[in-house]
**Q** 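This is the structure, below, for whatever I ask next.
Each chain gets a letter, A, B and so on, in the order its sequence line appears, and its residues count up from 1.
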Amino acid sequence: MSAEERLRAERLRKLEDLRAQGIDPYPARCERTHTAQQLHERFSELPPGEETEEFVWVAGRITGRRVLGKASFWDLKDGTGRIQLLLSQDALGEERYELLLRDVDLGDFLGAYGRVVRTRRGELSVRVEDVQLLAKALRPLPEKWHGLKDREARYRQRYLDLLVNEPSRRTFETRSRIVRAMRQFLDERGFLEVETPILQPIYGGTAARPFTTYHNELEQTLYLRIAPELYLKRLLIGGFERVYEIGKNFRNEGISTRHNPEFTMLECYQAYADYEDMMELTEQMVYAIAQELGKEKLSYQGHDVDVTPPWRRLPLREALLEHTGLDLEELPTHEALWEAVQRKGLFVDQQPTWGRLVDELVSEYVEPKLIQPTFLLDYPKEISPLAKAKPEAPHLVERFEPFIGGLELGNAFSELNDPLDQRERFREQEEQRRRGDEEAHPLDEDFLLALEYGMPPTGGLGLGVDRLVMLFTDARSIRDVILFPALRPKKDGARTP
RNA sequence: GGGCCCGUAGCUCAACUGGCAGAGCAGCUGGCUUUUAACCAGAAGGUUGGGGGUUCGAGUCCCUCCGGGCCCA
């Protein structure tokens, strides 16, 4: 029997002993009048050595224990904080006190009843006169002092990470506040929150490979959405002027410190607006979130960042000229651009199109440099099949991506609402798909049908929620802001359960 | 996909150039009625991620597989 199994067997033995004493180790109901935090707030003025007339019930997990013979001090941790329990043989009786010491372990859930007292050393405590076992734990918690450090274990057993690593817990509380602030910002501006299909007969809205599934009853292949875009646009056609959706997207691609196969996205659309309006919306929304967190100025991975609007507007052509010395206007064909890249001695996989090559260059040489909030704007039409062309430069589109701390946070356009142009763009994508681009957009006849009924001029924005959380929590890896990140399954030979 | 690094007790970590696998916490036994990482005494706890190889001898060197991290693509 391994050490781990012995520890578990020891606790199982205690569980049986408790049952033999007529104690239900997993009762259905529990008493509770106060949280730890409520006691600390309410009795902050209680002087050392004094106790209340009033009795309270507290409930939580035992995380520490100091036994001094016939009296002992136990730490009880609940969702709000910690409170000390003072147990003594005098108050509980010899038999009950010894049973508690014998059969209750660190990690068990316990309810405790008694007067509130501040000890001579100044620690607010409950002087326990009655207890109720609430749940027995069969496995030991990670060490109290050092916590759980093993990254793999922290990801695979997030509950332990949350339990013993306070910063991790705070990260996910911050995540929730960010999403709440985002909703509040949009709600106040008259945006309607909606839900659109995750299972889609044709995927679209961005360039990515989808997960495929099958509906038995419909006898139909379905795709997990890679973006909600084409459904949200149908709502604009239906007359809603401002809509948004916060939800999961699924992309069947690589996993990295910035990519999880399922991730959370905000998409919002505003009729009678364009990408300039969406830039303002973006910087105002991120600023509102920052204000909510008190982080208008923040540090991300060692860089000082200030998200106060207005943010820098940087045309993509200028950015590439500055960081690579290449002028896209002088390299209008794939051949010319490819040759220039080669001359620079840069290693870039040869991509099937000019636009893809531009995309590679930007990712490689420009994006990591964009530390202060920046809108990179005016992208090649070729890699933006859902965006409206710039009237004064028809090979470019009204599209931007916001960057902070080198993180790509989203994507936005003046949405293409010309159904005939849209059909032509889809046709070009089909052409690219035939040439081997697996990520090219498939033609969506049903979306084109909707578009032919007329969509108002519209600005659209997608923001990566996980990336935004990374920024505000100074997380290096997206796995640190996703509760249960995708990991390879554990197989024989792996160490962690 | 490529390169580098890591995996030792439930948890956190040691182990020199290849030479008896250790400690703290948790657990167990005993003591202790105001502790705060309580303390004191004692006993126990190992497939060193899996498999193979080199060697008198492998946690340590080599190969391979699994998982994770970082960098590159």
**Q** Can you check the distance between B/C6 and B/U36, where both ends of the measurement are the P atom (answer in whole Å)?
**A** 40 Å

**Q** Please work out which of the three classes, parallel, tilted or perpendicular, describes the rings of A/Phe426 and A/His441, given edges at 30° and 60°.
**A** tilted

**Q** So, A/Asp90 versus A/Tyr97: side-chain donor-acceptor pair below 3.5 Å or not?
**A** no

**Q** Please determine, for B/G24, whether a Watson-Crick or G-U wobble partner exists with both distances under 3.5 Å, and give it or none.
**A** B/C11

**Q** Please determine whether a side-chain nitrogen of the Lys or Arg among A/Asp103 and A/Lys14 lies less than 4.0 Å from a carboxylate oxygen of the Asp or Glu.
**A** no

**Q** Specify the residues of residues 62-84 of chain A, ordered by number, for which at least one heavy atom lies under 4.0 angstrom from an atom of RNA chain B.
**A** A/Arg66, A/Val67, A/Leu68, A/Gly69, A/Lys70, A/Ala71, A/Phe73, A/Gln84

**Q** For A/Glu10, answer base if it contacts any base atom (sugar-phosphate contacts may also be present), sugar-phosphate if it contacts only those atoms, and nothing otherwise; contact means non-hydrogen atoms under 4.0 Å.
**A**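 Since only primed, P, OP1 and OP2 atoms lie under 4.0 Å of A/Glu10, the category is sugar-phosphate.
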
**Q** Is there a donor-acceptor pair closer than 3.5 Å between any side-chain N or O of A/Gln84 and the backbone N or O of A/Val126?
**A** no

**Q** Below 4.0 angstrom, N of the basic side chain to O of the carboxylate: do A/Glu16 and A/Arg19 qualify?
**A**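 A salt bridge is present here (some side-chain N lies under 4.0 Å from a carboxylate O).
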
**Q** Is the A/Phe55-A/Tyr113 ring centre distance short of 6.0 angstrom?
**A** yes

**Q** Taking OP1 and OP2 of B/G46, is either one under 4.0 Å from a side-chain nitrogen or oxygen of A/Arg6?
**A** yes

**Q** A/Glu4 CD to B/G10 C1': how many Å, rounded?
**A** 6 Å

**Q** Flag the pair A/Asp474 and A/Lys295 as a salt bridge only when some basic side-chain nitrogen lies within less than 4.0 angstrom of an acidic carboxylate oxygen.
**A**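 Result for this pair is no, no salt bridge flagged.
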
**Q** For B/C4, give the paired nucleotide (Watson-Crick: N1-N3 plus N6-O4 or O6-N4; G-U: N1-O2 and O6-N3; both under 3.5 Å), or none.
**A**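 For B/C4, the partner nucleotide comes out as B/G69, under the 3.5 Å rule.
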
**Q** State whether A/Trp57 and A/Arg32 meet the cation-pi test: NZ (Lys) or CZ (Arg) under 6.0 Å from the six-membered ring centroid, and within 45° of the perpendicular axis.
**A**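 No, cation not above the ring by the 6.0 Å, 45° rule.
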
**Q** To the nearest Å, how far apart are A/Ile255 CD1 and B/G1 C1'?
**A**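 Computing the A/Ile255:CD1 to B/G1:C1' distance gives 15 Å.
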
**Q** Nearest-Å distance, NZ (A/Lys149) to P (B/U8)?
**A**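 Taking atom P of B/U8 as the reference, NZ of A/Lys149 is at 14 Å.
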
**Q** Atom CG of A/Leu7 and atom CG of A/Asp105: how far apart are they, to the nearest 0.5 Å?
**A**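 A/Leu7 atom CG to A/Asp105 atom CG measures 9.5 Å (nearest 0.5 Å).
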
**Q** What are the residues of residues 88-119 of chain A, sorted by number, that bring a heavy atom to within less than 4.0 Å of RNA chain B?
**A** A/Asp90, A/Leu106, A/Thr119

**Q** Determine the interatomic distance between P on B/C61 and the same-named atom on B/G7; round to the nearest Å.
**A** 10 Å

**Q** Can we say A/Glu4 and A/Arg139 salt-bridge, meaning some charged N sits less than 4.0 Å from an Asp/Glu carboxylate O?
**A**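 Here A/Glu4 pairs with A/Arg139 in a salt bridge, since their nearest N and O are under 4.0 Å apart.
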
**Q** Less than 3.5 Å apart, any donor N or O on the side chain of A/Arg399 or A/Asn411 sitting next to an acceptor on the other?
**A**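 The answer is yes; a qualifying pair exists.
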
**Q** Relative to A/Phe484, does A/Arg158 satisfy both conditions: NZ or CZ under 6.0 angstrom from the six-membered ring centre, and within 45 degrees of the ring's axis?
**A**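 Cation-pi check for A/Arg158 and A/Phe484: fails.
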
**Q** Determine the interatomic distance between P on B/A15 and the same-named atom on B/G59; round to the nearest Å.
**A**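 After rounding to an integer number of Å, I get 15 Å for this pair.
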
**Q** Rounded to the nearest angstrom, tell me the gap between atom CD in A/Glu5 and atom P in B/C28.
**A** 18 Å

**Q** Grab the N/O contacts between the protein and nucleotides 68-72 of chain B below 3.5 Å, and write none if there aren't any.
**A**
residue: B/G68; atom: OP1; partner: A/Arg488; partner atom: N; Å: 2.9
residue: B/G68; atom: O4'; partner: A/Glu152; partner atom: OE1; Å: 3.2
residue: B/G68; atom: O3'; partner: A/Arg479; partner atom: NH1; Å: 3.2
residue: B/G69; atom: OP1; partner: A/Arg479; partner atom: NH1; Å: 2.2
residue: B/G69; atom: OP2; partner: A/Arg479; partner atom: NH1; Å: 2.8

**Q** In whole angstroms, how far is the C1' atom of B/A73 from the NE2 atom of A/His259?
**A** 13 Å

**Q** Within this structure, what is the CG-to-P distance between A/Leu7 and B/G45, rounded to whole angstrom?
**A** 13 Å

**Q** Is any side-chain N of the basic residue among A/Arg13 and A/Glu10 closer than 4.0 Å to the acidic one's carboxylate O?
**A**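 Salt bridge present between A/Arg13 and A/Glu10.
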
**Q** Using the P atoms only, state how far B/A58 lies from B/G18, rounded to an integer number of Å.
**A**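 Straight-line distance between the two P atoms is 14 Å.
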
**Q** If you measure from the C1' atom in B/C32 to the same atom in B/G69, how many Å do you get, rounded?
**A**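 The answer is 46 Å between these two C1' atoms.
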
**Q** Rounding to a whole Å, what distance do you find between A/Glu143:CD and B/G27:P?
**A** 12 Å

**Q** Quick one: on RNA chain B, does A/Gly122 or A/Gly147 contact a more 5' nucleotide (nearest heavy atom)?
**A** A/Gly147

**Q** Using atom C1' of each nucleotide, how far apart are B/C13 and B/U8 to the nearest Å?
**A** 10 Å

**Q** P atom, B/C16 versus B/G10: distance in rounded Å?
**A** 22 Å

**Q** Could you tell me how far apart A/Arg8 (CZ) and B/C28 (C1') are, to the nearest whole angstrom?
**A**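 Taking atom C1' of B/C28 as the reference, CZ of A/Arg8 is at 18 Å.
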
**Q** When the P atoms of B/A14 and B/G53 are compared, how many Å lie between them, rounded to an integer?
**A**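 Each nucleotide's P atom is 30 Å from the other's.
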
